[in-house]
Amino acid sequence: MSQEVRGVIAFGKKEPVRVETIVVPDPGPGEVVVKIQACGVCHTDLHYREGGISDDFPFLLGHEAAGIVESVGNGVTQVMPGDFVILNWRAVCGQCRACLRGRPWYCFDTHNARQKMTLTDGRELSPALGIGAFAEKTLVSAGQCTRVDPAASPAVAGLLGCGVMAGIGAAINTGNVGRGDSVAVIGCGGVGDAAIAGSRLAGAAKIIAVDINENKLLSALKMGATHIVNSGTTDPVEAIRELTAGNGADVVIDAVGRPETYKQAFYARDLAGTVVLVGVPTPEMMLELPLLEVFGRGGALKSSWYGDCLPSRDFPMLIDLHLQGRLDLASFVTETIALDDVEKAFERMHHGDVLRSVVVL
Ligand code: APR
Ligand code: ZN
Ligand code: ZN
C-alpha cells in the first residue's frame, strides 16, 4: 500500500517552495522506504528551486538526511526495518569499469529508486539528488542507505550525506592530507569548515583558513584552523607562503570553486603539492594558467566529487570518530527547523549567516 506523507516541493523556477502531500509507493525490488528524522538544507536544494540544475519540476527537495528504515523490498540484504541510516546520492553498481577496478567511489553507473514518488494528482516528482528527504518518508535504492551507530543524533548524522562529507573527503580522501602536513582551505562555509575538520583529523600540523568574511574566519578557528587569512584585505598567496616558511602549503583546498580562488590555490601550493577543487564552478567559468607553471610545479591538481567518499566505508567510521569526541560534527548544525521553514532557511542561507539549518521531523 502506498502512503501519503508531507514533503517540500519546488513547483517552478524561483517560486517559493510549498509543503504538499506526496505519495510514497511501497518499496519494489532493491528499494527501501526510510522514515526521515532529519535533513539539512543545502545550497543544492536552492539551486534546484532556482532552476539551476534541471527543468524537471516539480522537485521533492532535501538530500542531507538520516532516518530509520521502515520497509524494504525484495532482495534487499544491506539494511532491515529499524536500522538507523544515512542516505547518499548514489547507489554504486558494482559492475562498471570503475567498480570492477576496485574504485567504486568513481562508479560511472550509479542508481536511485526505480519507482517514482508522486503528488496526489499523480504528477511524478524528481527527488533532489535522487533522495528527496524534506519529507516524512522517502523512497530510495537500498544502496543509498548506510547503517551507522544509532547513538548519533540524526541532525548531525544526516550532514555526512552531502556537504560535510564532501569537505572532510576533500581533505582525507582526495587531498590525502597526512600527519604533519600544511593545508590551506579557501572558503570557510560548510564545505570548507569540514575540510578544516578533516585536515585536523588527519593530523595536519598547520591549517590556514582563507575567507573574505571575518565571521567565517572566526568559526573556522573553532573547527580547527591554526591560522586565518582575510583574502578581502590580504593577498592570500603571499600570506600562505609566509605562514609556510616561504614555500606554500602541501595541500590547498578550493572550497569556493571560482577561477580566482582556484588560481590562489594553484599559486599558494608548495612544489609537488596538491590542489583539490571541491567547490562547484558554474558553466561559464574559464580558467587560464601558464602551462609551464602547471608542468614545472609538479604535484597534483585534483577534483573531489562528493569528497571521493565511499559511504559504506566513510559514514560509519566518521560517526564513530564523532561519538568518541574526535570529530566535532555538532558545530555544523547552526539551527534546527521544521519542515514548513525551508523557504525561510533559503533566505538565511543567502545572507551567509548559517552553516547548516537542519529540518528535524
Ligand atoms: N574568496 C574566499 N572565500 C570566498 C570567496 C572568495 N572569492 N567567495 C566566497 N567565499 C566564502 C564565503 O564567504 C563563504 O564563507 O566561501 C564560503 C562559501 O560558503 P557557503 O556559501 O556556505 O558554501 P558551502 O556550502 O561551503 O559550499 C561551497 O561547494 O558544494 C559546493 O556549490 C557549493 O560551490 C559551493 C562550495
Ligand atoms: Zn547538498
Ligand atoms: Zn559502478
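Every number for a ligand or one of its atoms is a count from 1 in the order of the listing. Owing to the predicted nature of the structure, the values given are computational and were not obtained by experimental measurement.
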Taking the basic N atoms (NZ, or NE/NH1/NH2) and the acidic carboxylate oxygens, is any pair closer than 4.0 Å for Arg356 and Glu64? yes

If you count the atoms of ligand 1 from 1 in the order shown, which ones are under 4.0 Å from a heavy atom of Gly279? 29 (O), 34 (O), 36 (C)

Hey, are Ser357 and Glu335 close enough side-chain-wise for a donor-acceptor pair under 3.5 Å? yes

For atom 5 (C) of ligand 1, the protein heavy atom that lies nearest, with its residue and separation: Ile212 CD1, 3.7 Å

With Arg6, which residues qualify under salt bridge (charged side-chain N to carboxylate O under 4.0 Å, His left out), at least two apart? Glu136, Asp340

Under 4.0 Å, heavy-atom basis, I'd like to know which part of Cys188 is in contact with ligand 1: side chain, backbone, both or neither. backbone

Identity and separation of the nearest protein heavy atom to atom 19 (O) of ligand 1: Gly189 CA, 3.2 Å

Identity and distance of the protein heavy atom lying nearest atom 1 (N) of ligand 1: Thr261 CG2, 3.6 Å

Please tabulate, for side-chain N and O atoms in residues 82-94, each donor-acceptor pair with protein atoms closer than 3.5 Å (sequence neighbours left out).
residue : atom : partner : partner atom : Å
Asp83   : OD2  : Met80   : N            : 2.8
Asp83   : OD2  : Arg147  : NH1          : 3.1
Asn88   : OD1  : Arg90   : N            : 2.9
Asn88   : ND2  : Gly143  : O            : 3.3
Asn88   : ND2  : Gln144  : O            : 3.3
Trp89   : NE1  : Gly161  : O            : 3.3
Arg90   : NH2  : Trp105  : O            : 2.6

Do the two ring centres, one from Tyr48 and one from Phe59, sit under 6.0 Å apart? yes

What do you get for the angle at the Zn ion (ligand 2) between SG on Cys162 and NE2 on His63, to the nearest 10 degrees? 120°

Protein contact of atom 34 (O) of ligand 1 - nearest heavy atom, named by residue and atom, plus distance: Val280 N, 3.0 Å

Would you say Met285 and Tyr262 make side-chain contact, with heavy atoms under 4.5 Å? no

Identify the closest protein heavy atom to atom 15 (O) of ligand 1: which residue and atom is it, and at what distance? Asp211 OD2, 2.7 Å

Asp250 and Ser182: side chain donor to acceptor below 3.5 Å: yes

N/O of Val210 under 3.5 Å from N/O of ligand 1, yes or no? no

Closest approach of any protein heavy atom to atom 16 (O) of ligand 1, naming residue and atom: Gly187 CA, 3.5 Å

Taking the six-membered ring for Trp and the single ring otherwise, decide whether the centroids of Tyr106 and Phe108 are under 6.0 Å apart. no

Whether the Glu214 and Asn230 side chains hold a donor-acceptor pair (N or O, under 3.5 Å, no angle test) is what I'd like checked. yes

Applying a heavy-atom cut-off of 4.0 Å, say which part of Ala255 lies close to ligand 1: side chain, backbone, both or neither. backbone

Counting neighbours of CZ on Arg348 that are heavy atoms of other residues, nucleotides or ligands and sit closer than 6.0 Å, is the number greater than 12? yes

For atom 24 (P) of ligand 1, the protein heavy atom that lies nearest, with its residue and separation: Val191 CG2, 3.8 Å

Of the side chain and backbone of Asp193, name the one, both, or neither that has a heavy atom under 4.0 Å from an atom of ligand 1. neither

Under 2.8 Å from the Zn ion (ligand 2), can any N, O or S atom of Cys42 be found? yes

Give the numbers and elements of all ligand 1 atoms closer than 4.0 Å to a heavy atom of Ser231. 1 (N), 2 (C)

Suppose we measure from atom 25 (O) of ligand 1 to each protein heavy atom; which comes out shortest, and what is that distance? His43 ND1, 3.4 Å

